[in-house]
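The structure appears below as structure tokens.
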Amino acid sequence: MTPSTNSPTNSVTSPTTQSTNIQSHDPPLPTITTEQTHSKRQSKTPTWLQDFETGEGLSEEEGQFFALSVTDPTTFQEAVGKPEWEQAMVNELQAIEKHDTWELTTLPAGKNVVGLKWLFKTKLGADGKIMKHKARLVVKGYSQQHGIDYQETFAPVARFETIRVVISVAAQRGWNLHQLDVKTAFLNGNLSEEIYVSQPEGFEEVGNEDKVYRLKKALYGLKQAPRAWYSRIDGYFIKNGYERSINEPTLYVKKVDGEIIYVCLYVDDIIYTSSSLKLVKEFKRCMEHEFEMSDMGLLKLFLGLEVKQTDKGVFLSQENYAKGIVSKFGMEGCKVEDTPMNVNEKLMQDDKADKANEVIFRSLVGSLIYLTHTRPDLAYSVSLISRFMQNPSKLHLGAAKRIVKYVAGTTGYGIWYERGVPINLIGYTDSDWASSVDDRKSVSANVFSLGSGAVTWSSKKQSTVALSSTEAEYVASSAATSQAIWLRRILEDLGVPQEAPTVILCDNHSAINLSRNPVLHGRTKHIEIKHHYIRDMVAQQRISLEYCRTNM
């Protein structure tokens with residue numbers, strides 16, 4: 001199968017003149033008369049579109065919480081005629097052709113054609129200023145057929161817990177954190193399937209409009225694109241002497257002559273830090289030779305997390321994101337709250353209150369969930385309101401609004417990792433008892449600190465009903481133990497093994513005794529086997545559950 005000789009290899013031009021010629025071949029749109037309008041069949045909104053909101057029909061109270069950004073074009077027609085977006089599209093196609101991503105050919109009989117779509121996004125920096133206009137040509141992956149167009153799709157990404165651990169270790173050792181961004185990362189992924197896509201809108205080749213592109217490499221939007229990219233870069237790291245962590249498949253470590261370098265991968269964003277400036281420069285040089293990279297310099301902004309590096313340590317926050325939440329839901333100038341929730345507030349599913357707008361509530365809760373990546377003080381309250389995503393009431397919305405009022409007064413809060421502090425892992429675990437009004441289940445909570453700052457935290461409702469406060473605390477301690485073991489393994493991969501048992505502080509004597517001995521057998525024989533995992537870890541001296549008073 002040979003490509004057309006007219007394939008535009010190095011001659012990508014502005015879409016303005018081409019699109020005009022293409023659109024001139026389109027048939028005129030039919031005119032709808034008054035009679036046709038009245039007789040048109042009324043159709044219901046499909047189920048998969050019911051979560052989309054246009055803003056029409058909202059009450060004044062609901063309207064102030066609804067915001068929709070219209071700064072970026074949503075279609076190709078909206079972008080045409082604007083120089084910044086036209087240039088962005090030209091740059092995207094030049095990158096595609098540079099990577100030899102496709103070839104123009106005739107569609108073989110019986111093959112499926114997958115459509116393409118332009119997406120437009122204005123990239124902002126940590127200070128809110130425009131960095132660049134980005135046009136991305138994506139595949140309409142929803143039209144792919146399993147078994148024909150793709151097989152496996154899974155690709156790992158770094159956990160935020162891992163990112164915080166790497167930042168904490170680097171900060172406490174006084175290492176600088178750096179960042180690289182892979183340009184058009186998915187275009188580096190090799191495909192094993194035979195996939196054909198249509199020509200991009202506005203850039204159809206004159207005289208060959210009926211032809212299609214056969215993909216040699218992955219494009220954004222393909223279901224298997226993330227997997228293809230991960231396989232490509234994972235193979236590169238392994239080939240060049242990096243060890244992939246068994247406990248975190250996107251964490252790579254390399255040791256050279258007593259020095260060490262960490263590399264953390266999140267799709268096309270790469271964080272790296274090292275004890276040696278030589279290793280940092282060598283890693284950057286090799287990556288730029290293998291891939292087309294953007295050197296972002298010292299790590300400042302990563303997935304919405306703001307990183308401020310100083311001589312004394314690293315401060316991790318989401319200040320601009322928090323301000324954006326307050327602004328998005330119309331809460332600027334509101335009276336701030338001192339706490340995210342009322343201490344004695346009990347929320348339930350069927351509270352007899354009027355129903356709130358589901359779209360607004362879900363958008364608000366989703367925004368707050370992402371904010372918890374640097375705000376452990378929000379973990380419990382956000383976990384609580386997230387239970388009511390289905391059929392939320394005005395009381396649930398009021399509880400969410402109170403959290404936003406608290407955030408409005410604490411936008412600058414974050415986590416401080418101080419330089420020079422010993423890298424010792426310590427955990428705290430706690431639980432309430434039967435706090436859920438709907439099903440009487442308890443809530444497990446834990447937080448782990450590495451040196452001077454917290455690196456992981458959790459607040460989660462237990463899967464079973466606890467028959468006593470001891471059982472609730474014991475189940476919570478078991479969950480904390482699992483997290484502690486994972487953290488110990490990550491630290492061992494980073495060359496910072498924890499020699500002594502990891503101390504987990506608990507405020508329940510009975511739970512501590514139960515972790516050491518099979519006491520209270522008559523009252524605990526019903527507890528699921530998985531929760532007794534803590535006993536083995538205590539016996540192996542990897543975990544030490546110790547008492548801590550509730551009121552210090």
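- Distance alone, capped at 3.5 Å, is enough to place a donor-acceptor pair between the Tyr262 side chain and the Leu494 backbone.
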One pair to check against side chain to side chain contact (heavy atoms under 4.5 Å, CB included): Tyr266 and Ile271. What are the steps and the verdict?
CA-CA 8 Å; Tyr266 195 100; Ile271 294 177; over 6 Å; no
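- Classification of the His373-Phe160 ring pair by plane angle, with boundaries at 30° and 60°, yields parallel.
- Between Asp181 and Lys183 no salt bridge is recorded (no basic side-chain N to carboxylate O distance below 4.0 Å).
- Between the side chain of Asn342 and the backbone N or O of Asn344 there is no donor-acceptor pair closer than 3.5 Å.
- Using cut-offs of 30° and 60° for the angle between ring planes, the Phe315 and Trp416 rings count as tilted.
- Counting all heavy atoms, side chain and backbone alike, Thr273 lies closest to Leu177 at CB-CD2, 3.8 Å.
- The pair Lys312-Glu418 fails the salt-bridge criterion, with no side-chain N (NZ, NE, NH1 or NH2) lying under 4.0 Å from an Asp/Glu carboxylate O.
- Glu471 and His526 are linked by a side-chain donor-acceptor pair at a separation below 3.5 angstrom, with hydrogens and angles left out of the test.
- Listed by chain and residue number, nothing satisfies the side-chain contact (heavy atoms from CB on, under 4.5 Å) test with Arg419 (two or more places apart in sequence, or in another chain).
- Counting only N and O atoms by type, the side chains of Gln349 and Gln390 include no donor and acceptor under 3.5 Å apart.
- Considering only heavy atoms from C-beta on, Gln318 comes within 4.5 Å of Tyr370 through its side chain.
- Using a 4.5 Å heavy-atom cutoff, the side chains of Trp118 and Glu92 are in contact.
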Should Phe302 and Met296 be marked as a side chain to side chain contact (heavy atoms under 4.5 Å, CB included) after you check the CA-CA gap, both sets of side-chain angles, and the distance that decides it?
CA-CA 10 Å; Phe302 184 76; Met296 311 298 287; over 6 Å; no
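- Checked by atom type and distance alone, the side chain of Asp432 pairs as donor or acceptor with a backbone atom of Val443 at under 3.5 Å.
- No side-chain donor-acceptor contact under 3.5 Å links Arg159 and Thr250.
- Tyr413 and Tyr406 have perpendicular rings, their planes meeting at more than 60° on a 0 to 90° scale where under 30° would count as parallel.
- In the displayed structure, Asp439 atom CG is contacted under 6.0 Å by more than 12 heavy atoms of other residues, nucleotides or ligands.
- Between the side chains of Glu161 and Gln483, no donor N or O sits under 3.5 Å from an acceptor N or O.
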